[in-house]
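Note sheet for the following structure.
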Amino acid sequence: MKKLSFLTACLMFSAGVLAAAADQISVDKPYVRLLPPGAQTTGAFMVIRNSADKDVKLVKADNPASRVTELHTHLNEGGVMKMRPVAAIEIKAKGEALLQPGGLHIMLIDLKAPLKEGDIVPITLGFDDGSSKKVDAKVLKAAPEAGMSHHQH
Amino acid sequence: MSERILLAIAAALAAAVLGLALFWQPELPERPLPAPAALSGGDFTLLAANGPFSLHDLRGKVVLLYFGYTYCPDICPTSLAATAEGLKQLTPAEQAKVAMVFISVDPERDTPARLKEYAEFFHPAMLGVTGTPESLAEIARRYGVFYARQPVATAGGDYVVDHSADTYVVDAAGKLVGKIAHATPPDQVVLAIRKYLNQP
Ligand SMILES: [Cu+2]
């Protein structure tokens with residue numbers, strides 16, 4: 001009996017783990033943009049996919065390379081580009097969020113040391129249910145693939 | 001008393017008419033957008049790392065002008081990288097007839113020395129210049145460039161600068177002739193440059 005309840009507890013626990021938003025998330029082509037020497041801020045870009053049946057919100061990001069990490073977006077108002085912090089980035093159920101130049105991005109503000117091409121920046125993505133996921137983003141001069149289009153899955 | 005009632009009725013009628021005018025809009029035929037006021041463009045002198053730079057120094061070349069700032073983490077790098085890539089795709093003969101100038105609208109933080117390093121990161125032939133707030137504002141007005149310093153609630157502190165993200169094209173005679181839209185991919189940038197290069 002004791003065994004059974006232990007087993008049940010295990011099952012419930014693993015179910016709970018499976019339900020965590022982070023486990024339903026996959027990240028494709030994460031990279032950090034290489035900026036000229038002296039640049040103190042840069043952006044990280046990636047495609048975030050959500051295989052779950054419910055929407056997930058990315059609510060924060062963290063990384064060891066910069067003092068501050070924020071979620072940002074750009075608004076193009078009649079040819080004028082405005083960059084603004086956002087509270088969350090939504091990843092729709094069975095959908096994806098595109099973090100790419102000119103749009104949503106993770107901003108690495110106040111870099112502790114200059115980044116070099118090929119460096120790896122571990123970025124921890126935090127979701128609205130408290131779960132998190134770490135991705136390794138490579139520092140690149142240009143996007144890993146022109147257009148960052150998505151292929152057949 | 002009756003005067004008051006009349007007034008009230010008149011007011012109600014006026015409100016109704018106004019309401020109709022505001023909310024009842026018959027289908028309008030599609031209207032062309034009003035033509036933007038002609039922008040004069042023209043010459044200017046700013047400061048580069050090696051001294052004053054004037055647009056007329058580049059007379060005879062097609063000049064691409066981009067207004068931005070080096071603290072811009074995303075928009076400027078996106079535009080400049082695409083343009084630089086486009087420049088690299090030109091033939092050497094074409095490259096000799098094209099110049100690219102990055103104008104910082106954030107002179108408080110962007111020194112000419114910093115601008116040189118920044119611009120050359122994207123393309124060795126890209127020039128970085130800036131000037132006084134007054135001269136920048138005056139040039140921006142002539143070119144139809146918008147920029148505004150915005151205190152933004154970002155933990156990054158300080159401020160961001162909202163700015164026009166198009167690349168302005170000046171022909172070999174020094175005349176403002178067009179714009180290349182922000183985020184135009186490199187192969188389209190090449191086509192746009194060639195269009196102005198091959199103009200009679
Ligand atoms: Cu940003």
Side-chain angles (χ1 to χ4, degrees), chain A residues 31-45 60-63 65-87 98-111 114-117 139-143 145-149, chain B residues 33 36 67-82 84-85 102 109-111 113-123 126 128 140 144-148 150 152-168 179-187:
Chain A
Y31 73 101
V32 169
R33 190 209 295 266
L34 177 72
L35 281 186
Q40 273 130 7
T41 55
T42 188
F45 309 94
K60 64 173 181 172
D62 221 333
N63 87 94
S66 73
R67 287 189 181 81
V68 180
T69 317
E70 288 182 349
L71 306 177
H72 276 202
T73 194
H74 273 101
L75 315 164
N76 185 341
E77 287 171 11
V80 177
M81 298 300 300
K82 306 182 170 191
M83 182 178 72
R84 298 289 182 266
V86 291
L98 249 56
L99 276 60
Q100 58 186 0
L104 292 164
H105 56 278
I106 293 167
M107 182 98 146
L108 315 187
I109 299 167
D110 200 2
L111 293 167
L115 294 174
K116 294 185 303 296
E117 193 157 20
V139 177
L140 299 173
K141 194 161 178 181
E145 216 170 276
M148 295 234 322
S149 57
Chain B
L33 287 168
F67 297 79
Y69 67 120
T70 72
Y71 281 75
C72 182
D74 184 25
I75 294 305
C76 296
T78 301
S79 274
L80 296 177
E85 194 45 48
F102 178 72
R109 292 186 291 196
D110 288 339
T111 60
R114 180 181 168 87
L115 283 164
K116 177 181 161 65
E117 193 173 36
Y118 185 84
E120 287 177 0
F121 170 84
F122 292 99
H123 195 286
M126 198 183 287
V145 172
F146 174 87
Y147 63 94
Q150 299 290 346
V152 162
T154 152
D158 309 6
Y159 56 92
V160 298
V161 184
D162 296 345
H163 61 89
S164 304
D166 296 338
T167 299
Y168 293 75
K179 286 198 280 193
I180 300 172
H182 171 64
T184 300
D187 50 340

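So that the names make sense, note that chain A is the first sequence line, chain B the second, and so on, each numbered from 1.
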Bottom line for B:A165: the part with an atom under 4.5 Å from chain A's heavy atoms is both

Nearest non-hydrogen partners of B:D74 and A:F45, listed with the distance: OD1-CZ, 3.6 Å

Let's go through A:R33 and B:T78 carefully: what are the C-alpha distance in whole Å and the side-chain angles of both, what is the deciding distance for side-chain contact (heavy atoms from CB on, under 4.5 Å) to 0.1 Å, and is it a yes or a no? CA-CA 10 Å; A:R33 190 209 295 266; B:T78 301; 2.8 Å; yes

At a heavy-atom distance under 4.5 Å, which candidate from A:T69, A:T41, A:T42 has the highest pair count against chain B? A:T41

Answer yes or no: is there a side-chain heavy-atom contact under 4.5 Å between B:I75 and A:H74? yes

Can you say whether B:F122 sits under 4.5 Å from chain A via the side chain, the backbone, both, or neither, judging by heavy atoms? side chain

So, do A:L35 and B:P77 sit near enough that their side-chain heavy atoms are less than 4.5 Å apart? yes

Side chain to side chain, B:Y147 and A:V80, heavy atoms closer than 4.5 Å: no

Comparing B:E117, B:E120, B:E85, B:H163 against chain A, the one with the most heavy-atom pairs below 4.5 Å turns out to be B:H163

Between A:L75 and chain B, which part of the residue has a heavy atom less than 4.5 Å away: side chain, backbone, both or neither? neither

Taking side chain as C-beta onward, heavy atoms only, is A:M81 less than 4.5 Å from B:H182? yes

Can you say whether A:M107 sits under 4.5 Å from chain B via the side chain, the backbone, both, or neither, judging by heavy atoms? side chain

Please determine whether side-chain contact (heavy atoms from CB on, under 4.5 Å) holds for the pair B:Q150 and A:R84, giving the CA-CA distance in whole Å, both sets of side-chain angles, and the decisive distance to 0.1 Å. CA-CA 10 Å; B:Q150 299 290 346; A:R84 298 289 182 266; 3.7 Å; yes

Let's test your reading of the structure: which of B:S164, B:G68, B:C72 forms the most heavy-atom pairs below 4.5 Å with chain A? B:S164

